[in-house]
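Below is one structure, written out as structure tokens, with a few remarks after it.
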Amino acid sequence: MVKSASLVRTGLTDEIIKQLDDYQSSSLPAAWKAALAFADHLAGKPKGPIPEHLHQELGEHFNQAEILRLGALLAVGSGWQRMIEAFGIRPDHFVPGQDGPWSNGADPRD
């Protein structure tokens, strides 16, 4: 996983990054786990309305305005990433012939 300098400055560590793949059984704070489950759900894993148990879990850590704000930020981030992939946008430091920034090295235009 690639870290951004701004996230490192705000406290993202390699230890935290390693826990993200299996965040449900990690030692991350409960609020983080709820937010990550919300992010997964908004990304379509699973599809459909937010289940009541997730809404309750979010409500234990965030008020309604914070949940809506988090959802809006996740939707913008997800949409932005989909647009980047759809148009094959490459980072400024991309060199022709270099693998893309996608984890499996596949070009999304293929």
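Excluded from the calculations below are hydrogen atoms, water molecules and symmetry mates; all remaining heavy atoms, backbone and side chain alike, are included.
- Cluster partners of Leu68, using a side-chain heavy-atom cutoff of under 4.5 Å among ILVMFWY residues and allowing indirect links: none.
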Contacts under 3.5 angstrom, residues 46-62 side chains, donor-acceptor by atom type, not counting sequence neighbours:
residue	atom	partner	partner atom	Å
Glu52	OE2	Gln56	NE2	3.4

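- Scanning for side-chain contact (heavy atoms from CB on, under 4.5 Å) contacts around Leu70 gives Ala35, Phe38, Leu74, with sequence neighbours left out.
- Between the CG atom of Leu20 and the NZ atom of Lys18 there is a distance of 12.0 Å, given to the nearest 0.5 Å.
- Grouped with Val76 in a hydrophobic cluster is no other residue, since no side-chain heavy-atom contact under 4.5 Å to another Ile, Leu, Val, Met, Phe, Trp or Tyr is found.
- Under the 4.5 Å side-chain heavy-atom criterion for ILVMFWY residues, no single connected hydrophobic cluster contains both Trp80 and Leu42.
- With hydrogens and angles ignored, the 3.5 Å screen pairs no side-chain donor or acceptor of Glu85 with any backbone N or O of Arg82.
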Name the atoms and distances for all side-chain donor-acceptor pairs under 3.5 Å in residues 22-33, with sequence neighbours left out.
residue	atom	partner	partner atom	Å
Asp22	OD1	Ser25	OG	3.1
Asp22	OD2	Ser25	OG	2.5
Tyr23	OH	Ala37	N	3.4
Tyr23	OH	Asp40	OD2	2.7
Ser26	OG	Tyr23	O	2.7
Ser26	OG	Leu28	N	3.2
Ser27	OG	Gln19	OE1	2.9
Lys33	NZ	Gln24	O	3.4
Lys33	NZ	Ser26	O	2.8

